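Before any comments, here is the structure.
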Amino acid sequence: MRVVRWPGPPAVVKVKTRGVLTVAVSPALTHREVLELASLVLSGSEYQEFRREIDPAPPASGAT
């Protein structure tokens with residue numbers, strides 16, 4: 001999955017081609033708005049992958 005910022009209208013756009021899913025996100029949207037719109041345009045598994053892409057897991061506490 002590729003996540004890109006685009007200067008278009010405030011929206012989340014899904015573009016699926018052979019082997020590549022691209023999600024275009026307007027920088028005019030808040031993080032919460034992005035997640036709400038993404039949940040409408042992506043399938044459940046796509047949405048989970050999208051969340052992992054934009055919200056990477058924090059480092060484990062105590063890790064060295």
Side-chain angles (χ1 to χ4, degrees):
M1 173 181 292
R2 287 182 23 188
V3 178
V4 297
R5 297 281 180 178
W6 70 303
V12 173
V13 178
K14 171 183 168 179
V15 179
K16 193 168 190 174
T17 60
R18 197 175 306 166
V20 178
L21 170 62
T22 302
V23 180
V25 179
S26 170
L29 298 171
T30 66
H31 189 73
R32 184 177 184 162
E33 290 170 324
V34 167
L35 291 176
E36 289 174 357
L37 290 172
S39 72
L40 297 174
V41 298
L42 301 174
S43 71
S45 61
E46 291 168 345
Y47 179 75
Q48 292 306 316
E49 183 180 349
F50 178 76
R51 295 259 338 226
R52 286 190 299 272
E53 288 283 330
I54 66 167
D55 288 331
S61 61
T64 56

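Note that the coordinates shown come from a computational prediction; the quantities given were computed from them, not determined experimentally.
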Do Ser39 and Glu36 have side-chain atoms, one donor and one acceptor, less than 3.5 Å apart? no
State, yes or no, whether a side-chain contact exists between Val34 and His31 at a heavy-atom distance under 4.5 Å. no
Can you tell me how far the NZ atom of Lys16 sits from the OG1 atom of Thr22, to the nearest 0.5 Å? 11.0 Å
Under the criterion side chain to side chain donor-acceptor pair (under 3.5 Å), I'd like the reasoning laid out for Gln48 against Ser45: C-alpha separation, chi angles, the key distance, then a yes or no. CA-CA 5 Å; Gln48 292 306 316; Ser45 61; over 6 Å; no
Say you draw a straight line from NZ of Lys14 to CG of Leu40; how long is it, rounded to the nearest 0.5 Å? 12.0 Å
Closest approach of Leu42 to Tyr47 (non-hydrogen atoms, all atoms of both residues): CB-N, 3.9 Å
Shortest non-hydrogen pair, Gly8 vs Ser26, comes out as O-OG, 3.7 Å
Glu46 and Met1 have their tightest heavy-atom pair at O-CE, 3.4 Å
Out of curiosity, does Val23 fall in the hydrophobic cluster containing Val13 (side-chain heavy atoms, cut-off under 4.5 Å, transitive links)? no
Can you run down the salt bridge (Lys or Arg N to Asp or Glu O under 4.0 Å) pairs that involve residues 1-13, sequence neighbours left out, and say none if there aren't any? none
Going only through I, L, V, M, F, W and Y residues with side-chain contacts under 4.5 Å, is there a path from Leu29 to Val41? yes
Using 0.5 Å steps for rounding, measure from the CD1 atom of Ile54 to the CG atom of Leu35. 4.5 Å
